[in-house]
Amino acid sequence: MRIEYNFQLDQVKVPRFSVEATEGIGKLFTLATLALNVLEVRERIELVFHGLNPEDPARKIEAFRRVLESSGAKWELAWEPGRGGSVPGSSSYYQWIALVRRG
């Protein structure tokens, strides 16, 4: 199933994004550049990472962190973990995080 939509960034207070842990590294770089661009105009974004194994979200978050930290952005990012867990009756695991721009 594919869902397509559009919105203007000024229509949402806190932009939110999702990434599957099974996606390739290219999607992670795309998400990182999108996150950095949004953080130029918003102080906070929220992301949910999900996958089929309990360790998938954490591994993808760590790779995402390394990509973001290599950017040389002029501000620091605070990483705030949110809820994580599994979806009952499925083999899907997830972890929410918030990125907050400081400075």
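Along the sequence shown, residues are numbered consecutively beginning with 1.
Rounded to the nearest 0.5 Å, atoms CD (Glu69) and CZ (Arg65) are 6.0 Å apart. Note that OH of Tyr94 and OG of Ser18 are 12.5 Å apart. Values are rounded to the nearest 0.5 Å. Here CG of Leu36 is found 9.0 Å from CG of Leu99. Values are rounded to the nearest 0.5 Å. The structure places CH2 of Trp75 at 5.5 Å from CD of Glu40, a figure rounded to the nearest 0.5 Å. Annotation: the span from Ile61 atom CD1 to Trp79 atom CH2 amounts to 8.0 Å, rounded to 0.5 Å.
At distances below 3.5 Å, at least one donor-acceptor pair connects side-chain atoms of Arg42 with backbone N or O atoms of Leu9. Although no hydrogens or angles enter the test, the distance criterion places no donor-acceptor pair under 3.5 Å between the side chain of Ser71 and the main chain of Val67. Proximity of a side-chain donor or acceptor of Arg101 to a complementary backbone N or O of Leu39 within less than 3.5 Å is detected. With Asp56 contributing its side chain and Asn53 its backbone, the two residues share a donor-acceptor pair below 3.5 Å. Under the 3.5 Å distance criterion, the side-chain polar atoms of Ser90 are left unmatched by any main-chain donor or acceptor of Ser86.
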Next item on the list: Tell me, with the steps shown, if Leu47 and Phe64 meet side-chain contact (heavy atoms from CB on, under 4.5 Å).
Entry: CA-CA 11 Å; Leu47 303 104; Phe64 182 68; 4.0 Å; yes

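In this structure, Phe49 is not a member of the same hydrophobic cluster as Val87, with clusters built from ILVMFWY side-chain heavy atoms closer than 4.5 Å. A single hydrophobic cluster is not seen to contain both Trp96 and Phe17; linkage of ILVMFWY side chains at heavy-atom distances under 4.5 Å, directly or through other members, places them apart. Using a 4.5 Å cut-off between side-chain heavy atoms of Ile, Leu, Val, Met, Phe, Trp and Tyr, with links allowed through other members, Leu77 and Val14 fall into different hydrophobic clusters. No continuous path of hydrophobic side-chain contacts links Ile97 to Tyr93 [ILVMFWY only; heavy atoms under 4.5 Å].
Considering every non-hydrogen atom in both Pro57 and His50, the closest pair reads CG-CA, 4.2 Å. Of all heavy-atom pairs spanning Val38 and Pro15, the tightest one is CG1-CG, 3.7 Å.
Other residues, nucleotides and ligands contribute only 12 or fewer heavy atoms inside 6.0 Å of the CD atom of Glu76.
Between Lys60 and Leu28 there is a side-chain heavy-atom pair separated by less than 4.5 Å.
With sequence neighbours left out, Ala98 forms a side-chain contact (heavy atoms from CB on, under 4.5 Å) with Arg44, Glu46, Glu80.
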